[in-house]
Amino acid sequence: MPDRSRRLLIGTWNIGGGILDASHRKDVPAQLGHHIARLRRARPDILCLQESHTFHDGRVGHAQEIAKALEADWCRVWPLSPSHLASDADLSLAVVSGWPLSAPRTVTFPNPGLTATGPDGDHWSILDKGYMIVEADVAGRTVRIANAHCFPFHYFGTSAAEPRFASLWDGLAEDLLTLARSGPTLVAIDLNHQPVENLLRRLFETGVYRSAVDGTPTTPKGVQQDYILYAGADLRLSEVAVIPSRADHHYVQALFELTGATSMAAAEVKESC
């Protein structure tokens, strides 16, 4: 369980099906121990995962395995699309937490139906992407958590900033602004694009959101695709770290201080992942 303080450490990681080194290889054995070792050292209070695997045969999924390793009592998983990395799994978004979590609200982006030819000559069809929203009870304070994974338009010969995709970003921005009106909000997002201001300009023009990670590469290719955004006067950014790994995304974390008055903490109810 997390320390009973007003400090909140949130991490985000696209674990790419647990595959290390070269990405987009199908049915390669996962090496989740690499991810778990780094996460055990980091000890996030709340962890957002993209491209974790949920297996069709009922085996323990990646998010549940990570939750167990971190001794986190709460785990929300949303299988979003068939995996391009494993024939027996779905790609899932997940939130792992030592603090109680609400049931998730999920939103699937409209799929643009793009296709391409992969580097090995394989036919690629763009997979469903979207985001999940949960509420975390952090020592009696409600903090809204959004975990998003966006389309990799660059793999399909186009750009996320093209006008034809503007409605997608407008819808996401409006939902995130609505969340922020209710109180402290954290957004972990694999945007597959940089800079974030190109796509979600409304969040920053209004002064509601700020980005914890600005310009630091979050992939071994030297580009930033992963972001932690935050909204609310009660969230004070303290530290940020981008921790390199052998995966095709680095682990990103941000430490916040929760300020302001707190209500009496709700009774803890442990929920098995």
Quiz item: salt bridge (Lys or Arg N to Asp or Glu O under 4.0 Å) with R105: which residues, sequence neighbours excluded?
Solution: D175
Quiz prompt | Non-neighbouring partners of R181 that pass salt bridge (Lys or Arg N to Asp or Glu O under 4.0 Å), sequence neighbours left out | solution = E174
Quiz item: Any side-chain heavy atom of P112 sitting closer than 4.5 Å to one from F156?
Solution: no
Quiz item: Who are the side chain to side chain donor-acceptor pair (under 3.5 Å) partners of T54, not counting sequence neighbours?
Solution: S92
Practice problem: Report the residues that fulfil side chain to side chain donor-acceptor pair (under 3.5 Å) with H53, sequence neighbours left out, ordered by chain and then residue number. | Solution: S83
Quiz item: Are R164 and T158 close enough, and set up right, to give a side chain to side chain contact (heavy atoms under 4.5 Å, CB included), and what steps lead you there?
Solution: CA-CA 11 Å; R164 58 177 165 155; T158 187; 3.2 Å; yes
Exercise. Quick one: list whatever passes side chain to side chain donor-acceptor pair (under 3.5 Å) with Y227, sequence neighbours left out.
Key: none
Quiz prompt | Hydrophobic cluster of L9, others only, ordered by chain and residue number, side-chain cut-off 4.5 Å | solution = L255
Quiz prompt | Worked verdict on L8 versus L186 for side chain to side chain contact (heavy atoms under 4.5 Å, CB included) | solution = CA-CA 11 Å; L8 177 62; L186 293 166; 3.7 Å; yes
Quiz prompt | Pair D88-R59, side chain to side chain contact (heavy atoms under 4.5 Å, CB included): steps then yes or no | solution = CA-CA 10 Å; D88 61 348; R59 279 178 291 156; 2.4 Å; yes
Quiz item: Do L101 and V77 sit in the same hydrophobic cluster, where Ile, Leu, Val, Met, Phe, Trp and Tyr count as joined when their side-chain heavy atoms come under 4.5 Å apart?
Solution: no
Quiz item: Just wondering, are more than 12 heavy atoms of other shown residues or ligands nearer than 6.0 Å to CZ in R38?
Solution: yes
Practice problem: Pick out which of F204, Y209, F256 makes a ring-ring contact (aromatic ring centres under 6.0 Å, His included) with Y230. | Solution: F256
Quiz item: Quick one: does L258's side chain get under 4.5 Å of V143's, heavy atoms only?
Solution: yes
Quiz item: Is the closest side-chain heavy-atom distance between P220 and H250 below 4.5 Å?
Solution: yes
